[in-house]
Amino acid sequence: MDGAISGSRNLQALETLESNVRLYSRSFPAFFSRARGSIMLTESGRKVIDFLSGAGALNYGHNNHRIKAAITEYLASDAVVHGLDMGTPAKLEFMETFSSVILRDRGLKYRFQFTGPTGANAIEAALKLSRKVTGRQNIISFTHGYHGLSLGALAATSNQFHRKAGGVSLSSVTFMPYDGYHGPDIDTADHVRKVLLDKSSGIDSPAAILVESVQGEGGINVARKEWLQSIQAIAKDTDALFIVDDVQMGCGRTGDFFSFEFAGLSPDIVVLSKSLSGYGLPLSILLVKEEVDAWEPGEHTGTFRGNNLALVSATAAINIYWRSQTFSQGVHQMGEFVRRRLDTISRQHGNSFAVRGRGMALGFDCQMAEIAEATARSAFEKGLIIERCGPVDQVIKFLPALTIDSETLNQGLEIFEESLAETLKQTGPSLRETLYSSQ
């Protein structure tokens, strides 16, 4: 059977069998059969460059063979794969390796809490623990923040589309303006400090302040070092826990292992998931300071905590990529290269677009959702997967694998550039006038 026909029939079968809630299969309508590195193959043999990387869960690429070797060896040994939260060599090796390679060199000390396998469950655990430690209910979150779609995490997520789907009242969270929300001349940390220290502001004293150092789904919004330092200080002054959500931006995405390293922060709780396993296997943890580890045994539990296979691959990823500064330096350099390319593309169109990000998390703000949507659709037709983000999906998000080779990276950027140019050429005059007049 011809691959294209087979792929079309398989897509039709998925549409019949799968819930309407499916998302990425709509944006990228193909039937993918294989993947390696930054290339995905459809059933018909078409090659597609991946600039989405599993929404940030594949920082080391698809089927990383060096990490796969550790997984294969572990499976062949009949070692424990599923063991609830019982002790295993895989778990101990992961914690010892993470502590010695990642934490110690950064002057950080944490206990490990293995949560359910999703980032959202780890956020739920962080919020529950904060409320238990402080005896308070209110959580401070930020405009354009995204922390997951289970009800507790959803309450701290700002997007109205997602919040409406919850179907119930989402309470005990107060939203504050993120860095830059009111423009570059207003330091929103001053506002946060004022209302949280004012006993008559009407804002309940918080159990925690929850923040992303770079907002991914919110539009690749980058917080300044000074702003993050101020928010950490405000948490301390209000006796609230300071939580950094590093689900998408951790594990090297911004160049450093933790996205907050550049600001010299020491959060009370760090939330990690997505690329933590190094291979796309589900794994989520909280890094918790000892003095706030107030759990009673079993207060936050789950059947799939501490996936041993994912712990093996996570340990391998640390050993392969993080025992020296070489990998981190390479990510920083590659990120600077991509940033320069995107800046050049923006200038070619009269600086009508904004480019922002850190490391290999970059956003190209098309200003209008119609332009971003058409560009992403055209790019996929040409062989590139890029996703959109932002309040109305007007930002094209670049999350290539941190291990991508320069040739593939350049090919992907060329496809994006061509797709944007074609979109603008085909865009109606009224839409172009709206875009350019807004600058």
Side-chain angles (χ1 to χ4, degrees), residues 56 59 98 101-110 123 126 130 139-147 156 176-193 196 206 208-276 286-289 292 322 325 327-329 331-333 335-336 339 356-363 402:
N59 281 2
F98 196 101
V101 177
I102 303 299
L103 298 180
R104 191 176 303 160
D105 287 349
R106 293 161 176 79
L108 299 171
K109 186 177 181 180
Y110 290 106
I123 291 291
S130 300
I139 303 294
I140 301 300
S141 190
F142 290 91
T143 52
H144 296 172
Y146 180 92
H147 301 286
M176 293 289 176
Y178 192 73
D179 192 20
Y181 185 76
H182 293 302
D185 298 327
I186 297 178
D187 188 348
T188 60
D190 292 338
H191 170 76
V192 177
R193 175 174 290 278
L196 291 187
I209 299 180
L210 172 65
V211 68
E212 304 159 272
S213 72
V214 178
Q215 293 181 325
E217 299 305 312
I220 311 295
N221 306 311
V222 181
R224 294 170 296 117
K225 175 178 70 174
E226 296 80 9
W227 187 84
L228 289 167
Q229 291 170 340
S230 294
I231 297 301
Q232 178 176 253
I234 293 167
K236 182 177 180 180
D237 292 343
T238 57
D239 294 321
L241 270 62
F242 181 54
I243 306 173
V244 172
D245 179 344
D246 236 2
V247 168
Q248 187 171 79
M249 295 301 159
C251 303
R253 176 52 58 182
T254 63
D256 301 318
F257 187 87
F258 296 113
S259 71
F260 55 83
E261 287 182 43
F262 80 112
L265 305 181
S266 180
D268 296 299
I269 300 175
V270 181
V271 187
L272 292 174
S273 186
K274 287 193 181 285
S275 279
L276 179 61
L286 298 187
L287 300 176
V288 182
K289 285 188 175 179
V292 300
W322 294 101
Q325 293 295 315
F327 181 69
S328 176
Q329 292 168 354
V331 174
H332 281 291
Q333 292 169 1
E336 291 171 3
R339 177 68 177 261
R356 53 182 177 264
R358 280 206 292 122
M360 286 290 278
L362 292 147
L402 308 183

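Among all heavy-atom pairs drawn from Ile231 and Ala189, the shortest one is CD1-CB, 4.2 Å. When every heavy atom of Ser130 is checked against every heavy atom of Leu241, the shortest pair comes out as OG-CD2, 3.8 Å. The heavy-atom pair separating Lys274 from Gly56 by the smallest distance is CB-O, 3.7 Å. Nearest heavy-atom pair, Phe242 versus Ala235, reported as atom, atom and distance to 0.1 Å: CB-CB, 3.9 Å. Taking both residues in full, the closest heavy atoms of Ser230 and Arg193 are given as O-NH2, 4.4 Å, listed atom of the first, atom of the second, then distance. Taking both residues in full, the closest heavy atoms of Tyr178 and Thr188 are given as O-OG1, 3.3 Å, listed atom of the first, atom of the second, then distance.
Within the model, atoms SG of Cys251 and CG of Leu402 stand 9.5 Å from one another, a figure rounded to the nearest 0.5 Å. For the atom pair CD (Glu212) and CG (Leu228), the distance works out to 11.0 Å, reported to the nearest 0.5 Å. Interatomic distance, CG of Asp187 versus CH2 of Trp227, reported as 9.0 Å (0.5 Å rounding). The distance from the CD1 atom of Ile243 to the CD1 atom of Ile139 is 6.0 Å, given to the nearest 0.5 Å. Here the CZ-CZ distance, from Phe262 to Arg224, works out to 10.0 Å after rounding to the nearest 0.5 Å. How far CD1 of Ile209 is from CD1 of Ile234: 6.0 Å, rounded to the nearest 0.5 Å.
Using a 4.5 Å heavy-atom threshold, the side chains of Phe260 and Val211 count as separate.
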Q: Go through Asp179 and Asn221 one step at a time and tell me if the side chain to side chain contact (heavy atoms under 4.5 Å, CB included) criterion holds.
A: CA-CA 8 Å; Asp179 192 20; Asn221 306 311; over 6 Å; no
Q | Chi angles and distances behind the side chain to side chain contact (heavy atoms under 4.5 Å, CB included) call for Val244, Phe258 | A | CA-CA 10 Å; Val244 172; Phe258 296 113; over 6 Å; no
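Distance alone, capped at 3.5 Å, is enough to place a donor-acceptor pair between the Arg253 side chain and the Met360 backbone. Using modelled atom types, one side-chain atom of Ser275 and one backbone atom of Asn59 make a donor-acceptor pair closer than 3.5 Å. In terms of modelled atom types and a separation under 3.5 Å, the side chain of Gln215 and the main chain of Tyr146 share no donor-acceptor contact.
Annotation: Phe98 is in aromatic contact with Phe257 [ring centroid separation under 6.0 Å].
Checked for salt-bridge contact, Asp256 and Arg358 miss the test: no charged N lies under 4.0 Å from a carboxylate O.
Considering Val271, Leu272, Leu287 as possible partners of Asp246, the one that fulfils the side chain to side chain contact (heavy atoms under 4.5 Å, CB included) test is Leu272. The side-chain hydrogen bond (donor to acceptor under 3.5 Å, both in side chains) test with Ser266 is passed by exactly one of Gln232, Lys109, Arg106, Lys289: Lys289.
Legend: residues meeting salt bridge (Lys or Arg N to Asp or Glu O under 4.0 Å) with Arg104, ordered by chain and number and at least two apart, are absent.
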